[in-house]
Amino acid sequence: MLKKKFVFATNNAHKLDEVRAILRDKVEILSMKDIDCRDDIPETADTLEGNALLKARYIYERYHMDCFADDTGLEVEALNGAPGVYSARYAGNTHNSEANMRKLLQELESKENRTARFRTVFALIINGKEHMFEGIVNGRIATEKHGIAGFGYDPLFIPDGFTQTFAEMGNEQKNRISHRALATEKLCRFLGK
């Protein structure tokens with residue numbers, strides 16, 4: 001039986017690798033490069049859901065292929081949910097993870113409450129119909145970076161029930177418990193995989 005194909009509307013190689021690792025051989029994931037799309041899709045919505053839909057609709061409308069897109073945000077309680085939808089651009093439009101982490105640690109310097117959550121929203125378009133899936137993992141922000149695996153804020157985020165950051169866990173363990181894994185599982189269940 002042929003595997004179902006989906007385009008994952010992201011230019012983030014880390015996200016692409018992570019989702020492919022989580023889905024393993026359940027469905028075939030095509031990258032934007034695989035369909036010869038080199039566009040940097042604008043993320044102009046003010047919600048994760050809105051940005052995920054913008055990216056998925058962009059691919060579906062131009063390439064007429066079933067696809068999905070995500071947007072992910074780190075939501076810190078003491079910062080009223082910031083950086084949230086602006087997580088990748090928290091310290092400016094350069095998408096610089098080091099600068100983003102430095103800014104976050106500075107913002108939290110005088111705060112005792114370090115409660116946070118990672119939230120991923122997937123927008124799936126299949127046969128022209130839109131579906132949304134959300135994954136949330138609660139945790140806290142460390143006082144300094146730990147670990148070298150993962151990407152983004154992984155060296156700062158300690159999920160509830162663990163003593164290590166995502167970056168210390170390594171990809172295999174992270175991919176079992178992360179926000180993106182939870183959202184991907186929901187997407188898989190929806191697809192009957």
Got a second to check how far [X]'s [atom1] is from [Y]'s [atom2], nearest 0.5 Å?
X      : Y      : atom1 : atom2 : answer
Leu48  : Thr120 : CG    : OG1   : 8.0 Å
Phe157 : Arg114 : CZ    : CZ    : 13.0 Å
His64  : Ile59  : NE2   : CD1   : 11.5 Å
Arg38  : Lys33  : CZ    : NZ    : 6.5 Å
Ile125 : Asn127 : CD1   : CG    : 11.0 Å
Arg140 : Asn138 : CZ    : CG    : 12.0 Å

Any residue meeting salt bridge (charged side-chain N to carboxylate O under 4.0 Å, His left out) with Arg20, in chain and number order, not counting sequence neighbours |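 With sequence neighbours excluded, Arg20 shows a salt bridge (charged side-chain N to carboxylate O under 4.0 Å, His left out) to Asp34, given in chain and number order.
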Non-neighbouring partners of Lys15 that pass salt bridge (charged side-chain N to carboxylate O under 4.0 Å, His left out), sequence neighbours left out =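 So Lys15 forms a salt bridge (charged side-chain N to carboxylate O under 4.0 Å, His left out) with Asp70.
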So which heavy atom on Ala45 is nearest to which on Gly50, and how close?
->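 Minimum heavy-atom separation between Ala45 and Gly50: CB-C, 3.4 Å.
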Side chains of [X] and [Y]: does their closest heavy-atom pair fall under 4.5 Å?
X      : Y      : value
Pro83  : Lys103 : no
Met132 : Leu53  : yes
Tyr90  : Leu74  : no

Output all residues satisfying side-chain hydrogen bond (donor to acceptor under 3.5 Å, both in side chains) with [X], sequence neighbours left out; order by chain, then residue number.
X      : answer
Glu107 : none
Asp39  : Tyr58
Thr184 : none
Asp71  : Asn51

Candidate pair Leu124 and Phe190, rule side chain to side chain contact (heavy atoms under 4.5 Å, CB included), full reasoning | CA-CA 10 Å; Leu124 168 71; Phe190 176 81; 3.8 Å; yes
Give the intermediate values and the outcome of side chain to side chain contact (heavy atoms under 4.5 Å, CB included) for residues Tyr63 and Met32.
-> CA-CA 10 Å; Tyr63 296 88; Met32 288 173 52; over 6 Å; no
Please list all pairs passing the salt bridge (Lys or Arg N to Asp or Glu O under 4.0 Å) test where one or both residues lie in residues 154-172, with sequence neighbours left out.
->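 The answer is Asp154-Lys174, Glu172-Arg176.
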Just grab all the salt bridge (Lys or Arg N to Asp or Glu O under 4.0 Å) pairs involving residues 49-61, residues at least two apart or on different chains.
->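 Salt bridge (Lys or Arg N to Asp or Glu O under 4.0 Å) check on residues 49-61 returns Glu43-Lys55, Glu49-Arg119, Arg57-Glu130.
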Full working for side chain to side chain contact (heavy atoms under 4.5 Å, CB included) between Met65 and Leu30 = CA-CA 10 Å; Met65 297 177 76; Leu30 301 174; 3.7 Å; yes
May I ask you to decide if Glu18's main-chain N or O and Asn171's side chain share a donor-acceptor pair within less than 3.5 Å?
->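 Not at all, since once roles are kept as given, no pair shorter than 3.5 Å links the two residues.
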Cationic tip of Lys186 within the cone over Phe133's six-membered ring, i.e. under 6.0 Å and within 45° of the normal?
->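 Cation-pi check for Lys186 and Phe133: fails.
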Do Leu191 and Phe6 pass the side chain to side chain contact (heavy atoms under 4.5 Å, CB included) test, and can you show the C-alpha distance, the side-chain angles, and the key distance before you say yes or no?
-> CA-CA 11 Å; Leu191 296 172; Phe6 293 92; 3.7 Å; yes
[X]: ring pair (Phe, Tyr, Trp, His ring centres under 6.0 Å) partners, not counting sequence neighbours:
X      : value
Phe68  : Phe8, Phe122
Tyr60  : none
Phe151 : His14

Leu105 with Tyr153, same ILVMFWY side-chain cluster at under 4.5 Å = yes
Distance-only criterion, 3.5 Å: show the donor-acceptor pairs between side-chain atoms of residues 141-148 and protein atoms not counting sequence neighbours.
residue	atom	partner	partner atom	Å
Lys145	NZ	Glu98	OE1	2.6
Lys145	NZ	Glu98	OE2	3.1

Start with the C-alpha distance between Asn113 and Thr115, add both sets of side-chain angles, then the distance that settles side-chain hydrogen bond (donor to acceptor under 3.5 Å, both in side chains), and finish with yes or no.
-> CA-CA 6 Å; Asn113 180 2; Thr115 302; 2.9 Å; yes
